[in-house]
There are 2 protein chains.
Amino acid sequence: MAATRPTMKDVAAEAGVSTMTVSRVVNGDSAVAPGTAARVEAAVRKLGYQRDDVARQLRRTHELSQIIGLLVDDVTDPFMAAVASAAEDVARQRGSIMLIGSSRADLRREREVIAAFTARRVDGLILTPAAGSHRFLRPAQAQGTKIVCVDRAAPGLDVDAVVVDNFGAVREAVAHVVAHGHRRIGYIGDTPRIWTFGERRRGYLAALESAGIAADPALVRDGVRTGPEAAAAVTGMLALHDPPTALLAGNELLAFGALTAAPGDLAFVAFDDFALAARLTPPVTVIAQDPVALATSAAHLLFARIHGDVSPPRTVVMPTRLIRRGSGEIPGPFAA
Amino acid sequence: MAATRPTMKDVAAEAGVSTMTVSRVVNGDSAVAPGTAARVEAAVRKLGYQRDDVARQLRRTHELSQIIGLLVDDVTDPFMAAVASAAEDVARQRGSIMLIGSSRADLRREREVIAAFTARRVDGLILTPAAGSHRFLRPAQAQGTKIVCVDRAAPGLDVDAVVVDNFGAVREAVAHVVAHGHRRIGYIGDTPRIWTFGERRRGYLAALESAGIAADPALVRDGVRTGPEAAAAVTGMLALHDPPTALLAGNELLAFGALTAAPGDLAFVAFDDFALAARLTPPVTVIAQDPVALATSAAHLLFARIHGDVSPPRTVVMPTRLIRRGSGEIPGPFAA
DNA sequence: AGCCAAGCTGTTAACGATACCAACCAGAAG
DNA sequence: CTTCTGGTTGGTATCGTTAACAGCTTGGCT
């Protein structure tokens with residue numbers, strides 16, 4: 001049953017050589033006579049031998065493991081899925097494989113998964129850090145594990161990050177809605193303790209302040225995590241005595257939820273573009289970012305670090321784009 | 001810089017004990033005097049020691065590695081993302097971590113990634129096999145790597161699979177459209193060499209045949225992989241002398257593409273439900289399956305195998321559901 | 001012939017952890 | 001006082017691979 005896999009020793013016996021010679025052949029070392037190499041290769045095929053990278057890595061303790069780890073909140077978020085896909089593509093190009101884990105926004109879970117990854121000697125980690133301090137990564141970092149954050153910065157940790165200007169993008173979007181005559185503008189996001197949502201929320205408040213609009217706590221919903229929660233939040237806001245005439249949804253998942261509850265005449269802007277945005281009625285105005293570019297950039301940065309880049313940590317800010325499709329341009333009660 | 005991580009030897013020296021004692025403490029073996037254990041734990045904390053699971057696994061060659069591998073076509077496909085998420089959840093519950101790889105529908109790439117995974121001694125693999133023979137997995141299987149397919153069966157390989165009745169679901173959906181008065185019905189799918197699309201295509205053809213409708217090759221498009229390709233295929237069909245009045249899209253990605261090109265009066269059914277299906281005009285009729293249930297079931301099956309289940313391979317068929325939302329009920333020219 | 005270089009192959013000792021067994025100690029039993 | 005038991009600790013070998021070095025041919029050159 002649990003047939004044990006053949007080792008170099010088995011191959012060596014089969015081919016009548018030493019394990020060292022097998023090692024050389026398996027690793028493409030040229031210093032082996034063609035005839036010998038052929039015999040070894042035949043034995044490899046006959047036994048179905050495959051090099052054991054666990055043993056190899058132990059022996060080569062100071063070489064790279066060629067494994068990276070990716071930690072996301074939740075892969076079912078299309079943004080994170082795009083990140084995962086792009087990161088894996090780069091890893092593959094660089095000859096590495098990728099471990100994936102989800103934190104589900106739970107810092108303890110994130111910690112556990114990261115510990116399991118570092119115990120396997122990953123060369124580096126790509127993180128979308130959950131809310132909370134990431135000081136716990138210091139020891140891993142000190143021992144040489146490279147870390148890059150994507151989409152979010154990690155409070156308490158001095159590492160590279162690839163993000164967008166969430167603050168500016170939302171401020172611009174809210175100003176855009178204000179310019180279309182809205183003053184009662186709702187905001188739905190996850191907890192501001194997640195860096196990205198903190199920034200987005202700040203951008204929202206800054207835009208209101210610039211416009212001389214007092215922020216109404218009833219129109220700001222934090223800690224919203226799922227589509228149904230977002231839908232409920234929208235329903236709640238619309239039931240207010242003085243309901244919002246415009247709404248900003250903090251990410252794709254929340255936008256989907258909000259859209260199931262939002263009437264067509266509510267002005268609407270979503271953070272993150274999505275496939276059918278243009279097909280809805282009205283077509284949805286979005287703040288678009290490019291998750292593939294973010295993740296590709298983050299992965300390249302990570303591999304540069306892994307291969308010895310020791311320059312000071314930097315934060316790369318990628319552009320966003322406000323795509324006006326209609327829902328964000330619905331005129332409000334104060335339209336000129 | 002590349003500070004080397006502390007080993008048990010370092011901890012042992014620090015605590016004034018042998019590595020064996022450190023090993024016992026680190027692994028929670030009770031046969032250590034409380035005072036000694038406390039000294040070791042202090043040393044562990046002081047040095048920031050973490051057990052090296054690479055070395056551990058080499059020593060414990062016949063134990064499980066607690067790593068599984070997941071191979072999907074492409075994680076950006078929401079169906080695959082849901083599968084990945086669910087599989088990782090189960091892995092975590094079972095104390096394992098998960099490697100992820102994408103084949104991008106390329107059998108060679110799939111092979112390479114799987115080889116890299118098995119070289120790391122994964123306990124098992126969850127696969128959505130690309131088109132082509134998977135005979136190459138035989139040796140890995142013979143050496144004890146457990147394999148479960150999800151969403152698709154693997155030609156040439158005798159393993160567990162968790163799938164839906166693609167044939168039946170599409171046949172039913174097409175019959176449903178026929179019942180609403182359509183006879184010119186288009187089909188867009190990826191290559192029928194991928195098991196799932198082969199089944200869906202067969203279902204489509206079977207429904208036409210039952211209805212006494214001759215299949216028109218101009219209305220069947222195989223090998224469509226991306227949204228834009230799907231849109232182009234729709235545009236092409238609509239430009240025909242005798243265009244289709246109804247269309248079936250073979251998965252979510254193709255549906256999204258098709259929808260950008262399909263006019264609102266074209267009857268439309270998509271395989272896979274999606275978040276905004278009910279918000280489109282007209283709301284989209286879909287064949288829904290439950291990717292989380294599929295993947296959860298597949299992962300449980302895999303872990304059962306890993307833990308010694310040696311019963312004959314089985315194929316689990318999960319239900320689908322035709323959700324009538326409107327687009328599939330648009331009456332055709334032959335409606336009663 | 002004698003010597004050296006080049007090419008090929010093998011031996012040994014690790015990498016970091018743990019299974020297995022032996023050794024030690026205290027106190028209890030005889 | 002010896003023997004034994006049980007609790008605790010350490011020594012040694014090993015997992016599969018490879019770095020470092022040593023040894024053996026062969027052939028060319030002087």
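In the text below, chain A, chain B and the rest are named by the order of the sequence lines, each starting its count at 1.
- Every side chain to side chain contact (heavy atoms under 4.5 Å, CB included) that A:Thr61 has, sequence neighbours left out, goes to A:Leu58, A:Arg121.
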Every protein N/O lying under 3.5 Å from an N/O of nucleotides 24-28 of chain C:
none

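- Taking the C1' atoms of five terminal pairs at each end of the helix from C:dA1-D:dT30 to C:dG30-D:dC1, the two resulting helix axes are inclined by 70°, rounded to 10°.
- Take B:Gln57 and apply the side chain to side chain donor-acceptor pair (under 3.5 Å) test, not counting sequence neighbours, and it matches A:Arg120.
- Within the 4.0 angstrom heavy-atom criterion, no nucleotide atom of any strand lies near A:Arg5.
- B:Thr128 and B:Met80 get closest at one heavy-atom pair: CG2-SD, 3.8 Å.
- The phosphate of C:dT18 (OP1 or OP2) has no side-chain N or O of B:Arg60 nearer than 4.0 angstrom.
- For A:Ala33, the side chain to side chain contact (heavy atoms under 4.5 Å, CB included) partners two or more places apart in sequence, or in a different chain, are A:Thr36.
- Per the geometry, NE2 belonging to A:His62 stands 16 Å off P belonging to D:dT18, to the nearest Å.
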Pull out every protein N or O sitting under 3.5 Å from an N or O of nucleotides 7-14 of chain C, one pair per line with the distance.
from: C:dT9; atom 1: OP1; to: A:Thr36; atom 2: OG1; distance (Å): 2.3
from: C:dT9; atom 1: OP2; to: A:Ala33; atom 2: N; distance (Å): 2.9
from: C:dG10; atom 1: OP2; to: A:Ser18; atom 2: N; distance (Å): 2.9
from: C:dG10; atom 1: OP2; to: A:Ser18; atom 2: OG; distance (Å): 3.1
from: C:dG10; atom 1: OP2; to: A:Thr21; atom 2: OG1; distance (Å): 2.8
from: C:dG10; atom 1: N7; to: A:Arg24; atom 2: NH2; distance (Å): 2.8
from: C:dG10; atom 1: O6; to: A:Arg24; atom 2: NH1; distance (Å): 3.4
from: C:dG10; atom 1: O6; to: A:Arg24; atom 2: NH2; distance (Å): 3.4
from: C:dA14; atom 1: N3; to: A:Arg59; atom 2: NE; distance (Å): 3.0

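- A:Glu63 has its CD atom 14 Å from the C1' atom of D:dA20, to the nearest Å.
- Note: A:His307 and A:Phe303 have parallel aromatic rings, judged against thresholds of 30 and 60 degrees for the angle between ring planes.
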